[in-house]
Amino acid sequence: MGQAASRTASHISQSVVKKDHAEKMGGTALYVGDYPQQDMLHGALVRSPHPHARIQDIRYPELPAGYFTVDASDVPGENIAHVVLDDSLVFADGEVFFVGDVIAMIVGPDRREAYRLARATDVVYELLPAVLTVADAQEFFFDYRYGSGDVQAAFAEADHVYEEEFETGYQEQAYLEPQGFIACFAQDGVLTLHGSLQCPYYVKAAVMKATGLGSKAVRIQQDHTGGGFGGKEAFPSILGCQVAIAAMKAAGRPVRVVFDRREDMEFTSKRHPSKSRYRAAVRDGRVTALDIDVQFDSGAFTTLSPVVLQRGIIAAPGVYRVPNLAVRGRGARTNKVPTGAFRGFGAPQTFFAIELMMEHIARDLGLEPLDFKRAQLVERGDATTTGGRYHFDVPLPQMLADVLVASDYERKRARYAEEARVRAKGACERSEEARARFRRGIGLALWFHGAGFTGSGERDIIKGRARIHKSAAGQVEVLVSQSDIGQGIKTTLAKIVACELGLPYEEIIISNPDTARVPDSGPTVASRSLMIVGELLRRAAVRLREEWREGQEQDVEEHFVEPDFLVPFDLETFSGDAYPTYAWGAAVVELQIDSLTGTNEVLGCWASLDVGTPIDQAIVLGQMEGGVLQGLGYASMEQMAADASGRIRNNSYSDYLIPSAVDVPELKVQMHVTKYPNGPYGAAGAGEVPLVGLPPAYLAAAEQALDGVRLSHIPLTAEETLKVIVR
Amino acid sequence: MKTTVTFLLNGETVTWRGDPGMKLLDLLRDELGMTEVKCGCREGECGACSVLLDGVLVNSCLVAAGRVDACAVTTLAGLRTTARFAALDKAFARHSAVQCGYCIPGMILAAEALLVRTPQPSEAEIRVAISGNLCRCTGYNAIVAAIREAAEELAGAAAAGAGADAVAGDAARDVVGAAVGAAVGDVASVAPVAPAAAPGAAALCPTALPEALELLAAKNLVPCAGGTDLLAHEYAPPAPEGSELLFVHRIGELKALRWEGDVLRIGAGLTYGELLDRSQIPEILRTAIASIAAPAVRNAGTIGGNLANASPKGDAALACFVTDCTLRLVSVHGERLVPIGAFYQGRGRTVRRPDELLVEILMPTRWTQEGRWTFEKVGGRKALAISRVSFAGLVAFDIDASPHDTDASPHGTANTEPTITHLATAFGAVADVVVRRPEIDAMLIGCALTEAQTRIPEWLATWEAALQPVRGRVSAEYRKQVCLNLARAFIERSLS
């Protein structure tokens, strides 16, 4: 055991072969759709084609032998799919609230036949008025406000006042593996569900409520999961309840529901579209006040909207020292699919707005956005937007310097500005340069991502517990509820335990979580797993090392303890430390716009990211690169909208485009390391930060290429780009 | 209608009886339990279900089960013992290139297909090779680096004379290779592996044209060449009620590529992948083909199938329009040559009678050899993109028009000025059929260069009045603007 203490952080960062590498590489890893078919029943959902309607009657077709229906009348417990609040239903009860709202399920031995019967189910509706846009919203689920200083006075004393509106669209997680579950209600009275999910204990709580079964009678297991990105945080709680209740009618046979791509894209949660109004007061070249009003499109039910919105508005003033703040955030209720978690969780929407706002103000003042932003960055010891503290170093200046060098930003920025001047001059003279087909631009953005849950969730709600089990033979197993959804958490947690115990990493056992075996160490969300659960395991491993007894079975469990440096967060007043620490990001995007077609091409993207100590260099780099590319997609090609009937038409991979391998070949990420003392070996939260700030960097580049036009929403389409050029 | 299909699956003979129009993906996963073949979209847009068909990368969701009769299918399970897989395995592990893992089986097959043909690929070649395999986790860098590293290791091992191991390791896949002849190295020389089962019970899969034409005359059949269009529609069966698929991929006459004077006769059954391998094809056609989808789709999709499905978004179709191709339709009653402009009647509708087969595309190349051309595709991304607008232009000059012209005059005079002999432009994805209006382009044909330059505004204005795009994924206004921009850029550059 003696070596363990000498292990260093750089050692822990060295990459290993991932725990799940071999079975995924060889194709033997089973995802929920891969389990053998014998005996399996398949469920197909009957969904509303209307955004809002009263159900007058449900007329099922004549069912062949072996088929049965499941609907609200079958729910043995409460007809509630519990997320944060209890407004989501398992099956619609008399009224439907969005296109795709689930009314019933048809279950039977043949999947295609079940789908046919679901389509043949005749539901009689009385149509009701539907709200399809935030602008038309009558009702807001949440209305949060916080502030600081004296905003009115700051505006009164301002040299300049700016006001702008920003909008962001849906973003679909587009994980490669669609959602799915298998549920089986065994004769011993235990209901077991396994499937594609991030949070087994979330599903368990929801299923217990809907089925009325006790804790011992509900067991949730995570299968290998083909990507989540937040999309498998809350939604599986809803689908899980539906499949669970179907299984309770299936006489011991397993029931499987696996969505096809269209069903998954159209009817599962996605990133909240947003509309934000920003007012800024500027005095002596600095932003002295921000008055911000953020509206998120929550869809028909609250699901995760309260927490997404909280994170969004806390981030709304960005990484700048603004003494006077008035921030309001609301979640608009609309008759559309409920929106929810997606990597970044509300922050990408508001960082988009603040970064572009800063860009615009700087240019209006005749300043380089780089200089304008750099002069106003928060520093260690400064107050956060909610009156907490930046307790640790704010590494942005160094990260910014790194990314400027890597991208050759300043030289390119000046050159492209010169190209724009030639264009402007030549437009009158119709010179060759002025009519050059391709225009280039480069832009940057800075951001943070609060690590872990917002506010006091870890302390008050999650109360995470992590366990290490040692067999008499000395075999060590990690028991936590974390789901490896591709981010490598099984590997990084095992590394930590191995490191402290001085055992080979390969010998540490860690399986996909099963609520019958693992304690509730909390959900796999919010960039928390490594930072929080990893630290619990590190402490448990230290204890096990100290208490190690050869030949004896031992269990060591650690519980979450809030760091004592925190200013307690109060949700009522939005005050205190919303996060213990932050991950940081700086990115430069360079692009080229085709003035004939409006299409654009990313010439290069350079990011510097600080997530504390990387617990495995290659894993963290892979997370960063993947997140950055998702952010670039969000800014550009990833377009999804509901039409006038409330239906999402971009429901396939051919209509909702995500970047391919040839779209951004020049994508360079470098890691900056500011150790977080309360995370394992200095690790902070990593999963979400890479995506957050890419859209504003992208748009800043596009604005330069488009001769300084002010853009205000994403995705930036070729069509809009061409309109700008023609104008 | 059930048929019997016999094929090699990872080196073992499999006989299966069922609907020949079923997706190979469903056959592999649901009937044969090959769950390493992942299902991501069922329409050829993600690559998760990639397999090798006679050594060539395809999407199994776009291949009909009946099509694989007498073929060799390789899934990831068939590669696990090879030296190439071992090298990829090691490199993917070293780069932690496997995140959620769902794209990996397809990704490895794409890498395998690349490395067999291009043992030392550039980064750009790797990216193109996996451009049809979506990964939402990694950002692709780690995957690209891993494939590159595996290639280097394999090349290093071979160079160091340690190649014997690699050869031994390849024994398992050689089971497949031997059975399909030289299929792995040479796409064109694929030979059938096994006879179909009892006559009459097999999928309709003729090997000679007359046989195919007899079948077409006798029954209500839908020709299926690559199947990439027919199989892409999840909720519509590939063949309408009461009809069956006629698999035409094994008909030798459809696979020929030959010159007749300056006309290139292109067998309608040639896949885009096969055409890209041929050096003879004109650059405009090559450029158009390279813009289509991604390798796995190009490897299955055929030029004839693509023309005959009559999509106004077909990319290769534009190249055929501006070269004034003629299509050769053959039936038991004889044959006819139809100019491509007369072939289309609307979206999805052509003059082809049900008993006719599109056998050849006759592409005149006298203009493509010396003329100036452009092919432009506006899609939502650089691969796996369906055209939102597309444009092709081809202009040729006759520099021998003047009897006084000699090569002694380096600065052109009025007498030596080139004359436009051919001008063809075509617009895709803007209407129910590709828009090609010879009478508008005729305005400039026969004009000397300077005269033509003065008439550009008139030509453009005529096009502006003529183009009435429909809206789709983008607005009609956008389409029109882009069409005019691209036409203007093409004509100004070509006549400068």
Side-chain angles (χ1 to χ4, degrees), chain A residues 15 17-18 20-21 24-31 33-34 36-37 173-177 224-227 229 260-262 437 485-488 596-599 601 616 618-619 621-622 625-630 637 652-655 657-665 667 718-719 722 726, chain B residues 30 33 35-36 38-43 45-46 48 76-77 80 89 92-105 108 123-124 127-128 130-131 133-144 234 294 376 378 380-384 386 389 473-475 478 481-482 485-486 489:
Chain A
S15 295
V17 176
K18 290 176 73 178
D20 51 3
H21 171 82
K24 286 179 174 174
M25 185 74 187
T28 58
L30 291 185
Y31 299 77
D34 297 339
Q37 310 253 332
Q173 293 85 358
Y175 32 67
L176 265 281
E177 183 217 15
H224 286 294
T225 296
F229 316 113
D260 70 13
R261 179 59 53 189
R262 288 175 185 237
R437 177 167 179 176
I485 53 176
Q487 86 285 38
L596 298 182
T597 64
T599 49
E601 175 178 6
D616 196 293
I619 285 178
L621 196 61
E625 290 168 344
V628 166
L629 192 60
Q630 286 180 350
M637 67 178 71
S652 68
Y653 271 154
S654 53
D655 260 332
L657 307 185
I658 62 173
S660 76
V662 289
D663 286 297
V664 188
L667 190 162
E719 185 159 356
L722 192 63
V726 170
Chain B
D30 298 345
T35 53
E36 74 278 15
K38 298 302 177 198
C39 172
C41 72
R42 304 178 67 80
E43 56 175 356
E45 290 279 348
C46 78
L76 180 62
R80 287 182 198 134
D89 183 23
F92 271 65
R94 234 181 59 76
H95 289 270
S96 292
V98 180
Q99 289 196 24
C100 86
Y102 206 75
C103 73
I104 289 298
I108 297 305
E123 175 173 338
R127 286 187 179 271
V128 169
I130 62 167
S131 62
N133 296 78
L134 294 179
C135 165
R136 187 59 154 168
C137 296
T138 62
Y140 303 102
N141 282 3
I143 290 172
V144 172
E234 172 66 22
E376 303 265 5
V378 180
R381 63 186 157 192
K382 291 196 206 161
L384 288 175
I386 297 167
V389 183
R473 288 176 175 86
V474 290
S475 73
Y478 172 76
Q481 184 73 52
V482 171
N485 285 352
L486 293 173

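Since the model is a prediction, treat every value here as computed from it, not as a measurement.
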Non-hydrogen atoms of [X] and [Y] that approach each other most closely:
X        : Y        : answer
A:Tyr31  : B:Tyr102 : OH-N, 3.5 Å
A:Lys18  : B:Val98  : NZ-O, 2.8 Å
B:Arg127 : A:Pro665 : NH2-O, 3.4 Å
B:Ser96  : A:Ile619 : OG-CG1, 3.8 Å
B:Gln99  : A:Asp20  : O-OD2, 4.5 Å
B:Gly139 : A:Leu629 : CA-CD2, 3.7 Å

Tell me, out of [options], who's got the most heavy-atom pairs with chain B below 4.5 Å.
options                                : value
A:Gly626, A:Gly488, A:Ser15            : A:Gly626
A:Met25, A:Lys24, A:Glu177             : A:Met25
A:Gln173, A:Gln487, A:His224, A:Gln630 : A:Gln630
A:Pro659, A:Gly26, A:Ala618, A:Ala29   : A:Gly26
A:Ala718, A:Gly227, A:Gly33            : A:Ala718

What residue in [options] has the most heavy-atom pairs under 4.5 Å with chain A?
options                                : result
B:Val128, B:Leu134, B:Val378, B:Ile104 : B:Leu134
B:Ala97, B:Pro105, B:Cys137            : B:Cys137
B:Cys100, B:Cys41, B:Ala294, B:Gly380  : B:Cys100
B:Ala77, B:Ala93, B:Cys39              : B:Ala93
B:Arg42, B:Arg80, B:Glu36, B:Glu123    : B:Arg80

Go through the atoms of [X] and report whether side chain, backbone, both or neither lie under 4.5 Å from a heavy atom of chain B.
X        : answer
A:Ile485 : backbone
A:Ser652 : both
A:Ala174 : both
A:Val628 : neither
A:Val726 : side chain
A:Leu621 : neither
A:Gln37  : side chain

Kindly determine whether A:Met637 and B:Lys382 satisfy side chain to side chain contact (heavy atoms under 4.5 Å, CB included), including the steps that lead there.
-> CA-CA 11 Å; A:Met637 67 178 71; B:Lys382 291 196 206 161; over 6 Å; no

If you round to the nearest 0.5 Å, how far is CZ of A:Arg261 from CD of B:Glu43?
-> 9.5 Å

If you measure from CG on A:Asp663 to OH on B:Tyr140, what distance do you get to the nearest 0.5 Å?
-> 8.0 Å

Using non-hydrogen atoms only, which part of B:Ile130 is less than 4.5 Å away from chain A: side chain, backbone, both, or neither?
-> both

Honestly, the part of B:Ser131 sitting under 4.5 Å from a heavy atom of chain A is both

Worked verdict on A:Val662 versus B:Arg381 for side chain to side chain contact (heavy atoms under 4.5 Å, CB included) | CA-CA 9 Å; A:Val662 289; B:Arg381 63 186 157 192; over 6 Å; no

Would a 4.5 Å heavy-atom cut-off, applied to side chains only, mark B:Lys38 and A:Asp34 as touching?
-> yes

Close side-chain approach of A:Leu657 to B:Arg473, heavy-atom, < 4.5 Å = no

Between B:Glu376 and A:Thr597, is any side-chain donor less than 3.5 angstrom from a side-chain acceptor?
-> no

Answer yes or no: is there a donor N or O on one side and an acceptor on the other, between the side chain of B:Gln481 and the main chain of A:Leu722, under 3.5 Å?
-> no

Steps toward side chain to side chain contact (heavy atoms under 4.5 Å, CB included) verdict (B:Arg136, A:Ile658) = CA-CA 8 Å; B:Arg136 187 59 154 168; A:Ile658 62 173; 3.4 Å; yes

